[in-house]
*Asks:* 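Starting off with a structure, shown below.
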Number of protein chains: 2
Amino acid sequence: MNRSVATRTGPPAARQATLREHNLALVARAVFESAQPCSRAAIAAASGLTRATVSTLVDRLVAAAIVAELPPATPQRAGRPAVPLAPAPRSLVGLGLEVNVDYLGGRVLDLTGAVVAEHVDPDDLHDSDPAEVLARLGRIAQDLLATVRADGMTVAGARLALPGLVDTRAGRLEVAPNLGWSHLDPVRLLGLGPDVPVEIGNEAKLAALAQASRGVVPDDASDPAPSTYLYVSGDVGIGSAIVVDRRLFHGRHGWTGEVGHVVVDPRGPRCRCGATGCLEQYAGKDALLRGAGLPVDAPTETLVAALDAAEPAALAVVERAGTALGSALADYVNLVDIDTVLLGGIYPALLPYLRAAAEAELRARVLAAPWTDVVLLPAPVGDHAALTGGAREVLRGVVEDPSAWVAED
Amino acid sequence: MNRSVATRTGPPAARQATLREHNLALVARAVFESAQPCSRAAIAAASGLTRATVSTLVDRLVAAAIVAELPPATPQRAGRPAVPLAPAPRSLVGLGLEVNVDYLGGRVLDLTGAVVAEHVDPDDLHDSDPAEVLARLGRIAQDLLATVRADGMTVAGARLALPGLVDTRAGRLEVAPNLGWSHLDPVRLLGLGPDVPVEIGNEAKLAALAQASRGVVPDDASDPAPSTYLYVSGDVGIGSAIVVDRRLFHGRHGWTGEVGHVVVDPRGPRCRCGATGCLEQYAGKDALLRGAGLPVDAPTETLVAALDAAEPAALAVVERAGTALGSALADYVNLVDIDTVLLGGIYPALLPYLRAAAEAELRARVLAAPWTDVVLLPAPVGDHAALTGGAREVLRGVVEDPSAWVAED
DNA sequence: TATTTTTGTCTTACGGCTGAACTTATCCGC
DNA sequence: GCGGATAAGTTCAGCCGTAAGACAAAAATA
């Protein structure tokens, strides 16, 4: 009897409805990825669909308040003027949440990429109580949701960023060393209602996605953000993410990019992970401050001031960090063949002092160096990037599958 | 005038024909990935399509000789017996070609995965003349094609494996150090007619794809080959590939997996790449033979014999190689979060002697070690794996888009 | 004002899938 | 040995989404 209920594995069959969903997403992407507002006719020409089909699809997106019709621009050419289309402001929004060692907070973005609400509480959350902290963040989230709902917006979902080993699918935080948290279900502890679907993610991974500005939401076109890059964020630990075509490379569990524990010198100092000579012991924040003779809890600005003052200890330790970083990034590039590296966290401030050493090491060690240049760039989105990244991930889901938000009929 | 001819960027629009192509591929995959022959009804149940639709799609695949109807098996249950479906033998075939330092040759596989023709010429091709060698391989290919065509088979395409930096899209070989080749167009030099589309690929990458046995072509079900793994092939150099769901992770240019040049010890010996302490200098074939006090042109068997005889120099150098390999693989796993490693080339023979050291290093250095085990396995397909991988890649193309091989009407 | 040009809508046709009835082929129980 | 049960595969009308082309609308241009 239970024979042929068949697991229904593999990709789903395509039916007529699938066609419509596909093309609806195609049209939505066309609107969202266009630098300037575009017309129905332009979308038809670019996509290969007929103007008739594009029209019906656009009408659905407009009815769902995903796309907005702008007032007609003053026409320049002959012919009936086009109706400009653009992402709809302040209708569907995404919520990014984060708990990190130095703050907790939330940020709400709309489909245009604008911040419509935000609340950030700086705090020292080393070895904090997860239940208490997450309940507090839950209340912050509720406040933000109430505010934007009062303005008539609909919340598409939320994404919680955590600085640790996260199993996104199971919704479990395995361990977050710096928070002193382990083995818990953060979504349950947040205590948001079932009306807002919450997923969790690693902080560095979500911050990485925030860097792809042209992804979901058009920024100003002067910023040609790359779509394939490595994002490396330096703090006490050094996390990173592999982004290909504005999407994360996920690996087996999502635990990619642990570049902080790449071997720089096996005879080097012992790392808190138990091994020796990891990158973190050369280019992590604690190692840098200690090496420069500064207190471990000093802010990055203190180190930068020491560098600006040309203090020899600071200059030496940062150059050594640059060499170590270059060596580890060379391994990274040799293994995954991605040659644009965005540096976040403490690195943008230090980049002038470590760039030369890092680039020398990259030139020496990257096998493909004769045919391609590895580019080191400061990450464009800095402050609490994971909040932006989390909110954008939610909105990317809306744009890539708008059918869930479009009326049936 | 030239305004709106629009580049037609992005994914194509979905039309009715797209639906059919999608479902045709879905049905083909169902037949090819099934362990035993399956019926139309079983495919319908598994895919969610109706039996009517599956029937018409299967009929097209049968007419195109991609799928074959087997004679009915003796029925066990009540009801009309099913017609078993399986990949069609000896109809569409793929050609794998390879030039490497020690041989050149070709292999023809049919859709069942069976070798239907093969020709391998051992030879020393260090610093050879590319035009002469590729012309020779072209003649071998012509002979193989003539043979299989005489038996009524159709050649779907060919794939040429080369040991070097290959730009697959442009069809250019940038450099193959061991052959002494650089900057050439191997497809043109092969001189095959336009009736057989030839693509080129890196040897290690294609060998890696050969390891996913259940991919295109069902092997015996006793071998549960993984679908996501790292493949690391040791020879003079050490190449590798990242395989996710039986597909290559391509990176920017396809130049991923250069694990031979991951840093093991920056104070280590100088590598031929110009840097110091690369893995290749510890675990490459030349380094191993030299360290064991054997001639550099000795075959691997000589080293294995020395190990079996418990010669101290050999044991020491292989253990050192195991540690180095473990260190480099730990970096690899930390960066890409893939925990199954298939070892090919010279490593399967050496695995008993280097496994302990490598696994110790992996346990110490892989950050996720407490939550997941890194598994080292000998690669299942050994002899000239790139030939098999190349042919399978061609056939994978057929199964993933059968519509090109199915009659219009 | 008439013509040209381009946008957006309307109508008809077509292709591909669904669902339900129907046919075919086997097993099972009496 | 025969009828019912069971399952596989086929046939046919109907639905849905897109294509194709005509048509309406709105602006620049002569």
Side-chain angles (χ1 to χ4, degrees), chain A residues 1-6 12-27 37-62 67 69-85 403 406 408-409, chain B residues 1-6 12-27 37-62 67 69-85 403 406 408-409:
Chain A
M1 292 297 176
N2 60 0
R3 190 185 314 118
S4 68
V5 190
R15 10 182 70 65
Q16 298 289 92
T18 315
L19 242 181
R20 194 186 50 128
E21 283 171 26
H22 179 101
N23 286 333
L24 199 63
L26 191 75
V27 169
C38 57
S39 68
R40 290 167 169 81
I43 296 171
S47 68
L49 293 166
T50 62
R51 284 175 308 174
T53 304
V54 170
S55 246
T56 64
L57 295 174
V58 166
D59 289 347
R60 284 183 216 247
L61 291 171
V62 170
V67 165
E69 294 184 314
L70 303 184
T74 54
Q76 305 297 331
R77 303 193 312 277
R80 172 176 169 175
V83 178
L85 302 171
S403 56
V406 167
E408 297 275 318
D409 188 25
Chain B
M1 292 298 175
N2 60 359
R3 190 186 316 121
S4 69
V5 190
R15 5 181 77 67
Q16 299 287 90
T18 316
L19 246 180
R20 194 187 50 128
E21 284 169 25
H22 179 100
N23 286 333
L24 199 63
L26 191 73
V27 169
C38 57
S39 68
R40 290 165 168 85
I43 295 171
S47 68
L49 293 166
T50 61
R51 286 178 316 196
T53 305
V54 170
S55 247
T56 64
L57 294 174
V58 165
D59 289 348
R60 284 184 216 245
L61 292 172
V62 170
V67 166
E69 295 185 313
L70 303 185
T74 54
Q76 305 297 328
R77 304 191 312 275
R80 174 174 169 176
V83 178
L85 302 170
S403 56
V406 167
E408 298 274 318
D409 191 24

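Every chain is numbered from 1, with letters handed out A, B, ... down the list of sequences.
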*Asks:* To the nearest Å, how far apart are B:R15 CZ and D:dT18 P?
*Replies:*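 Taking atom P of D:dT18 as the reference, CZ of B:R15 is at 10 Å.
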*Asks:* Could you check A:L61, A:I43, A:L70, A:V27 and say which one makes a side-chain contact (heavy atoms from CB on, under 4.5 Å) with A:L85?
*Replies:*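 Option passing the side-chain contact (heavy atoms from CB on, under 4.5 Å) with A:L85: A:I43.
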*Asks:* Is there a side-chain contact between B:R80 and the phosphate of D:dT10, meaning an N or O under 4.0 Å from OP1 or OP2?
*Replies:*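 Answer is no, no contact under 4.0 Å.
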*Asks:* Answer yes or no: side-chain N or O of A:R51 and base N or O of C:dG8 forming a donor-acceptor pair under 3.5 Å.
*Replies:*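 Per atom types, the contact qualifies.
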*Asks:* Select base, sugar-phosphate, or nothing to describe what B:R40 touches, counting heavy atoms under 4.0 Å on all strands.
*Replies:*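 Sugar-phosphate contact only - B:R40 comes under 4.0 Å of backbone atoms but never of a base.
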*Asks:* Can you measure B:L85 atom CG to D:dA8 atom C1' for me and round it to whole angstrom units?
*Replies:*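 About 11 Å, once rounded to whole Å.
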*Asks:* Could you tell me the separation between the OG1 atom of B:T56 and the CG atom of B:L24, rounded to the nearest 0.5 Å?
*Replies:*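 The CG atom of B:L24 is 9.0 Å from OG1 of B:T56, to the nearest 0.5 Å.
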*Asks:* So what does A:S39 hit on the nucleic acid, given a heavy-atom distance under 4.0 Å: a base, only sugar-phosphate, or nothing?
*Replies:*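 The answer is sugar-phosphate, as A:S39 gets under 4.0 Å only of primed atoms, P, OP1 or OP2.
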*Asks:* Distance check needed: C:dG15 C1' versus B:L19 CG, whole Å only.
*Replies:*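 In whole Å, C:dG15 C1' lies 10 Å from B:L19 CG.
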*Asks:* Rounded to the nearest 0.5 Å, how far apart are CG of A:L49 and CG of A:L26?
*Replies:*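 Output value for this atom pair is 6.0 Å.
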*Asks:* Salt bridge or not for B:R40 and B:E69, using N-O below 4.0 Å?
*Replies:*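 A salt bridge links B:R40 with B:E69.
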*Asks:* If only side-chain N and O atoms of B:T50 are considered, is one of them under 4.0 Å from the OP1 or OP2 phosphate oxygen of C:dC17?
*Replies:*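 Checking B:T50 against C:dC17: no side-chain N or O falls below 4.0 Å of OP1 or OP2.
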*Asks:* Answer yes or no: is there a side-chain heavy-atom contact under 4.5 Å between A:V83 and A:V58?
*Replies:*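 Counting from C-beta outward, A:V83 and A:V58 never come under 4.5 Å.
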*Asks:* Whole-Å distance between C:dT9 P and A:R60 CZ?
*Replies:*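 To the nearest whole Å, that distance equals 14 Å.
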*Asks:* Does A:A52 reach a base, just sugar-phosphate, or nothing at all? Heavy atoms under 4.0 Å.
*Replies:*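 Base, at least one base atom sits under 4.0 Å.
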*Asks:* Taking atom C1' of D:dG17 as reference, at what distance in whole Å does atom CG of A:L57 sit?
*Replies:*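 About 9 Å, once rounded to whole Å.
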*Asks:* For the side chain of B:Q16 and the base of C:dG15, is some donor closer than 3.5 Å to an acceptor across the two?
*Replies:*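 Such a pair exists between side chain and base.
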*Asks:* Just checking B:T53: base, sugar-phosphate only, or nothing, at a heavy-atom cut-off of under 4.0 Å?
*Replies:*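 It contacts base atoms.
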*Asks:* Identify whether any heavy atom of A:V83 sits under 4.0 Å from a base atom; if not, whether one sits that close to sugar-phosphate; answer base, sugar-phosphate or nothing.
*Replies:*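 Answer is sugar-phosphate: A:V83 comes under 4.0 Å of backbone atoms only.
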*Asks:* If I take atom CG in residue A:L26 and atom C1' in nucleotide D:dT18, what distance separates them, rounded to the nearest angstrom?
*Replies:*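 Value for this atom pair: 13 Å.
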*Asks:* Measuring from atom NE2 of A:H22 to atom NE2 of B:H22, what distance do you get when rounded to the nearest 0.5 angstrom?
*Replies:*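 These two atoms lie 10.5 Å from each other.
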*Asks:* Provide, to the nearest angstrom, the distance between the CD1 atom belonging to A:I43 and the C1' atom belonging to C:dT9.
*Replies:*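 Answer to the nearest Å: 16 Å.
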*Asks:* Starting at the 5' end of DNA chain C and moving along, which residue's nearest nucleotide shows up first, A:P81 or A:A14?
*Replies:*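 Per heavy-atom nearest nucleotide, the more 5' residue is A:P81.
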*Asks:* Where each residue is assigned the nucleotide of DNA chain D containing its nearest heavy atom, which of B:D59 and A:L24 is assigned the position nearer the 5′ end?
*Replies:*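 In this pair, the answer is B:D59.
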*Asks:* Whole-Å distance between C:dG15 P and B:E21 CD?
*Replies:*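 So the two atoms are 15 Å apart, to the nearest Å.
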*Asks:* Less than 4.0 angstrom between a side-chain N/O of B:S55 and OP1 or OP2 of D:dT10, yes or no?
*Replies:*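 The answer is yes; a side-chain N or O of B:S55 sits under 4.0 Å from OP1 or OP2.
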*Asks:* According to a strict under-4.0 Å criterion, is A:N23 in side-chain N/O contact with OP1 or OP2 of D:dG17?
*Replies:*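 Answer is no, no contact under 4.0 Å.
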